[in-house]
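Chain identifiers are assigned alphabetically (A, B, ...) following the order of the sequence lines, protein sequences preceding nucleic acid strands; residue numbering begins at 1 within each chain. Note that this is a predicted model, so its numbers are computed, not measured. Scope of the values below: all heavy atoms of this structure, side chains included, with no hydrogens, waters or symmetry mates.
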There are 2 protein chains.
Amino acid sequence: MALKEGIAQYVRRFGLADMLDETALAALRLMRYGKGDLIIRSGDDVDAVLFVVEGEAKAYNSLDNGQRVLAAFYQPLDIIGEAELFSSQRYALSVEAMTSAVCLRLGVDTILAGAKPDCRLLSYICGRLGSKLTDRFKADSINLRYTVETRLAMYLLASAGDKGFCHAGLGDIADFIGCSYRQLSRVVRAFRGKGILDNIRGTLVVRDGGALELLADDLYTHTKQ
Amino acid sequence: MALKEGIAQYVRRFGLADMLDETALAALRLMRYGKGDLIIRSGDDVDAVLFVVEGEAKAYNSLDNGQRVLAAFYQPLDIIGEAELFSSQRYALSVEAMTSAVCLRLGVDTILAGAKPDCRLLSYICGRLGSKLTDRFKADSINLRYTVETRLAMYLLASAGDKGFCHAGLGDIADFIGCSYRQLSRVVRAFRGKGILDNIRGTLVVRDGGALELLADDLYTHTKQ
DNA sequence: ATCAGAATAGGACATATGTCCTAGTACGCG
DNA sequence: CGCGTACTAGGACATATGTCCTATTCTGAT
C-alpha cells in the first residue's frame with residue numbers, strides 16, 4: 001500500500017497506523033489551510049474528522065448576545081469534529097486556523113464502515129461522550145456569558161420540560177449554573193413576584209413557561225433545533 | 001443464556017442487547033443505592049461503568065476555595081464513569097444518588113477485553129473525548145468559580161508551560177476564560193506591574209512562573225497530579 | 001414529641017466585572 | 001506610502017454578583 005508522500009510522513013511521525021487500519025489510512029486526505037481560513041463551520045453537515053498535523057487552530061461559537069466563547073485551541077495531534085461524529089448531524093462549533101495549518105481528513109463514511117457490530121458498545125459510548133461534550137459546552141457558554149436570570153430560565157426549560165416542575169434543590173441548581181445560593185435566591189424571588197414560578201415543598205413549579213422562554217432570550221428555541 | 005431476573009428486565013426495557021454482546025450482558029451486576037449513597041468517589045480507581053436504570057443521581061466536584069460545581073444530573077439510561085474509561089486511572093467526579101437508585105455495573109475488564117484491534121480507532125476517539133470532557137469540565141469549573149486573576153494564571157501555566165510564552169491574543173484568551181477584554185486587560189496590567197508578565201509584540205512572556213503558581217491558588221499543583 | 005442539621009430566605013455591604021467610550025499602535029493590502 | 005482594520009490600552013460609570021450574617025422552616029432520626 002503506497003500512501004502519498006506527504007501523508008505517509010505524517011502517518012509515520014504521529015504513529016497513526018496504531019489507530020487506523022489500512023482502509024482508513026488509504027482514505028486519508030491532506031488538507032492545507034492559510035491563517036484565518038475556516039476549517040469547519042458550525043452548522044455544516046458532519047462529513048469528516050480531521051487530525052491536526054501542522055500549525056494551530058481554535059474552535060469557537062458565537063452567542064445571541066453577540067459574545068463569543070472559545071472552546072479549544074488545537075495543535076498536533078488534536079482531533080477536530082470527533083464530538084459530533086456519532087451524536088449529531090451538524091458540527092457544533094466553527095474551527096479556524098490561527099496559523100497556516102495542515103490536517104489529515106478522514107471521511108465519516110470510512111469511520112462508520114469500520115464501526116462493526118463488535119464495536120457497538122464503543123460506538124454508543126462515543127456517541128454519549130460526544131453529546132455530553134457538546135451539551136456541556138453549550139451550558140457552560142451560557143453560564144459564563146449570561147446573567148443568572150437567563151441561566152435559571154434555561155435550566156428550568158431544559159429540566160422541567162413538559163412536566164412543568166423540577167425537584168432539584170436550590171443549592172444544587174446554584175452549583176450547576178455556577179452562581180451563589182444568594183443570587184439564585186434573589187432571582188427565584190423575582191420570578192415568584194412575576195408569577196413565573198412557585199416553590200412548593202422543595203419543588204419548583206413553572207407557572208408561565210412562555211415567560212421563561214422570553215427570559216431565555218431565544219437561546220431555548222435555538223437549542224431545540 | 002440466562003440473566004438474573006432483575007437484570008433481564010432492565011436489559012429488555014432499555015434495549016441493552018443492542019449495544020452489549022453476550023459476554024458483556026453476562027458480566028452485568030445489579031447495584032442498589034439509597035438516597036445520599038456515593039455511587040463513585042472522585043479519585044478512586046476506574047474499575048467499572050454504570051448504567052442508571054432507576055432513580056436519579058448527581059455528579060459533582062469540590063474546589064479548593066470551598067465551592068462546589070455540579071457537573072450533571074443523571075437519570076435512566078445515563079452512563080456513569082465512561083469519560084474516564086480510556087483516559088484516566090481515576091474517576092474525576094463523585095456521583096451521589098439523589099433518590100433510591102439502581103444501576104447495572106459493567107467492569108472495565110470486560111469492556112477492555114471487548115475492545116479488539118478492529119476497534120482501536122473508536123477506543124482512541126473515546127479516550128480523546130473523555131479527556132476533552134474532563135479537561136473542559138475542570139477549566140469551566142475554574143472559570144465559573146474563581147476570579148479572572150486566578151483564571152488567567154491557570155491559563156498561562158497550562159499554555160505557556162515550559163517554553164514560558166504564549167501567542168494567543170488577549171481577545172481570544174478573554175473568550176476562552178469567559179470574561180470581558182476590559183477585565184482581562186486590567187489583570188494583565190496588574191501582572192505587568194508585579195513583574196509577573198510582559199507583553200512583547202502580541203506575545204505574553206512569563207517572567208515569574210512561581211508567582212503564577214501562587215496566584216493559581218494550588219489549583220495548578222492539583223491539576224498536575 | 002424533640003432536637004439537630006439541612007435547606008430556604010433575605011439584609012447589608014463590598015467588589016469584581018461588564019459596557020461604552022476614546023485613543024494609540026500594529027499589520028496587511030493595494 | 002497611505003489607509004483601513006484589528007488589536008491593545010485605559011477612564012468613567014453602573015450593576016450583577018458574592019460574602020457574611022441572622023432568622024425561619026423543613027426533615028429525619030431518636
Presence of salt bridge, A/Arg128 and B/Asp78, under 4.0 angstrom: yes
Assess whether a salt bridge exists between A/Arg90 and A/Asp44, defined as any Lys/Arg side-chain N lying under 4.0 Å from an Asp/Glu carboxylate O. no
Could you check how far [atom1] of [X] sits from [atom2] of [N], rounded to whole Å?
{"X": "B/His167", "N": "C/dC27", "atom1": "NE2", "atom2": "C1'", "answer": "17 Å"}
{"X": "B/Met98", "N": "C/dA6", "atom1": "CE", "atom2": "P", "answer": "17 Å"}
{"X": "B/Leu204", "N": "D/dA9", "atom1": "CG", "atom2": "P", "answer": "9 Å"}
{"X": "B/Arg68", "N": "D/dT19", "atom1": "CZ", "atom2": "C1'", "answer": "18 Å"}

Using a cut-off of 6.0 Å, state whether more than 12 heavy atoms not belonging to A/Arg13 lie near its atom CZ. yes
Quick check with a 6.0 Å cut-off and a 45 degree axis cone: is B/Arg151 positioned over the face of B/Tyr146's six-membered ring? no
Using the ring of each side chain (for Trp, its six-membered ring), is A/Tyr155 parallel, tilted or perpendicular to A/Phe176, with breaks at 30° and 60°? perpendicular
Base versus backbone protein contacts along nucleotides 8-18 of chain C [heavy-atom cut-off under 4.0 Å; B, S, -]: BBBBB----BB
Do side-chain atoms of A/Asp198 reach the backbone of A/Ile200 as a donor and acceptor pair under 3.5 angstrom? no
